Amino acid sequence: MERVMSFESDVATLVGNKVFVDPAKSQLLNGSVVEFAGVNNILYVEDGVYIKNSTISFRGDNAIIYLSKNKHIYLLRVTTYHNSTVYLGNDCYINGAMTLIASERQNILIGKEGLFSFGIFMRTADPHLIYDCETKQRINASRSVLIGDHVWIGQNALILKGTQIGSGSIIGGDTVLSGKIIASNVVACGNPAKVVRKNVFFSSECVHGWPCEMTEKYEIMDDDKYIYHEEAQSMNLEQIDVELKSAVSADQRLERMQGLLVNNGNKNRFAIKEVK
């Protein structure tokens, strides 16, 4: 197994895998480690990434983990298996170590400026097999997890295979989502999750220490910055997921990610409209 515990010294010794990073601009902190148990994997770290108290583990071949520039610290437990992808967009705030497990050639794609509370788990597989007694057909296929921009996920939420969350939505604490498509700008909570409020948006200011004048100042926010609308001409996360899965190598998948995710600046790129 190849291990990286310092971008400054360990990256140069890798033989079967690649880490793209500028060690002068991004760091592994507090015992964080990157583990490679396979080959032809890629960890791509943009400038301005600080990873603290984290474990990033490649347990197969041809997987990619892409960490975008972030003004916040990354706190992660990430595991990928063969031909899987984990992508986190710019400036996601993670309040406690978030666990992401991408397996059976599926992806976890997360847009920019998300808010993630304590104890969140995301995974693309159950992972054990379940069959129909009559047909003997497998009924629990693994599926990707796809999350848009500016999504707020509450404490101890469990985000399971096949879940899609549109930009601007809020997922309540202890919510369980499995195989559901959540439209943009709604609140969903419960087990199983249900939409309890539509046509909302949230802002990332934190109210904990506010005096009365701050509360009064923010009673109304006359801004549509966080209101998202699906556009017919936009490529959504589900289409991007298909494009990434069709790549024949990790290098080709990285190239597609940079075009479809990293350099895609459309505000409504990951909006999901309500299905009636």
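On a predicted model such as this, the values are computed, not experimentally measured, just so you know.
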Rounded at 0.5 Å granularity, tell me how far [atom1] in [X] sits from [atom2] in [Y].
X      : Y      : atom1 : atom2 : result
Leu261 : Met235 : CG    : CE    : 10.0 Å
Lys194 : Asn191 : NZ    : CG    : 10.5 Å
Gln155 : Ile171 : CD    : CD1   : 15.5 Å
Gln137 : Asn140 : CD    : CG    : 11.0 Å
Thr175 : Ile153 : OG1   : CD1   : 9.5 Å
Leu100 : Leu88  : CG    : CG    : 6.0 Å

Answer yes or no: are there more than 12 heavy-atom neighbours, outside [X] itself, under 6.0 Å from its atom [atom1]?
X      : atom1 : result
Gln239 : CD    : yes
Asn199 : CG    : no
Glu213 : CD    : yes

I'd like to check the side-chain hydrogen bond (donor to acceptor under 3.5 Å, both in side chains) partners of Ser32; sequence neighbours left out, ordered by chain and number.
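Here no residue qualifies.
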[Y] backbone acceptor or donor facing [X] side chain under 3.5 Å:
X      : Y      : value
Asp61  : Asn40  : no
Gln258 : Arg256 : no
Arg143 : Thr124 : no
Arg269 : Asn236 : no
Lys180 : Ala193 : yes
Ser6   : Glu8   : yes

Show every donor-acceptor pair shorter than 3.5 Å between a side-chain atom in residues 157-170 and any protein atom, with sequence neighbours excluded, or say none if there are none.
from	atom 1	to	atom 2	distance (Å)
Thr163	OG1	Leu160	O	2.7
Thr163	OG1	Leu177	O	3.2
Ser167	OG	Asp149	N	2.9
Ser167	OG	Phe270	O	3.3
Ser169	OG	Ala183	O	2.5
Ser169	OG	Asn185	N	2.9
Ser169	OG	Val186	N	3.0
Ser169	OG	Val186	O	3.4

Could you list the cluster mates of [X]? Members are the ILVMFWY residues connected by side-chain heavy atoms closer than 4.5 Å, either directly or through other members.
X      : answer
Tyr81  : Ile101
Ile272 : Ile181
Val242 : none

Using salt bridge (charged side-chain N to carboxylate O under 4.0 Å, His left out) as the criterion, list what pairs up with [X], not counting sequence neighbours.
X      : answer
Lys198 : Glu274
Asp132 : none
Glu35  : Arg3

Joint hydrophobic cluster, [X] plus [Y], side-chain heavy atoms closer than 4.5 Å:
X      : Y      : answer
Val21  : Ile42  : no
Val39  : Ile64  : no
Leu237 : Ile65  : no
Met98  : Ile51  : yes
Val49  : Leu254 : no

Can you check whether Leu67 reaches Ile56 side chain to side chain, under 4.5 Å on heavy atoms?
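The answer is yes, as the side chains (C-beta and beyond) meet within the 4.5 Å cut-off.
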Does some side-chain heavy atom of Met257 sit less than 4.5 Å from a side-chain heavy atom of Tyr87?
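In short, these two side chains touch, coming nearer than 4.5 Å.
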Please report the closest heavy-atom contact between [X] and [Y], naming both atoms and the distance.
X      : Y      : answer
Ser84  : Ala102 : OG-O, 3.4 Å
Cys92  : Gly89  : SG-O, 3.7 Å
Ala271 : Ser184 : CA-OG, 3.3 Å
Gly148 : Val151 : O-CG2, 3.7 Å
Glu2   : Thr13  : OE2-O, 4.2 Å
Met1   : Phe36  : CG-O, 3.3 Å

When you compare the side chains of [X] and [Y], does any donor N or O come within less than 3.5 Å of an acceptor on the partner?
X      : Y      : answer
Asn41  : Asn17  : yes
Ser142 : Arg105 : no
Tyr93  : Asn95  : yes
Glu231 : Asn266 : yes
Lys52  : Gln27  : no

Pair Val19, Leu14 - check side chain to side chain contact (heavy atoms under 4.5 Å, CB included), show working.
CA-CA 8 Å; Val19 175; Leu14 291 175; 3.5 Å; yes
Determine whether the aromatic ring centres of residues Phe201 and His150 are separated by less than 6.0 angstrom.
no
Please, which pairs that meet ring-ring contact (aromatic ring centres under 6.0 Å, His included) have at least one residue in residues 7-34, sequence neighbours excluded?
Phe20-Tyr44
Which atom pairs, donor and acceptor, lie under 3.5 Å between side-chain atoms of residues 107-123 and protein residues at least two apart or in another chain?
from	atom 1	to	atom 2	distance (Å)
Asn107	OD1	Thr85	N	3.1
Asn107	OD1	Thr85	OG1	3.4
Asn107	ND2	Asp241	OD1	2.8
Arg123	NE	Ala125	O	3.2

Would you mind listing every side-chain hydrogen bond (donor to acceptor under 3.5 Å, both in side chains) that reaches into residues 62-80, with sequence neighbours excluded?
Glu46-Tyr66
Name every donor-acceptor pair, under 3.5 Å, that has one atom in a side chain of residues 219-230 and the other anywhere in the protein, sequence neighbours excluded.
from	atom 1	to	atom 2	distance (Å)
Asp223	OD1	Lys225	N	2.8

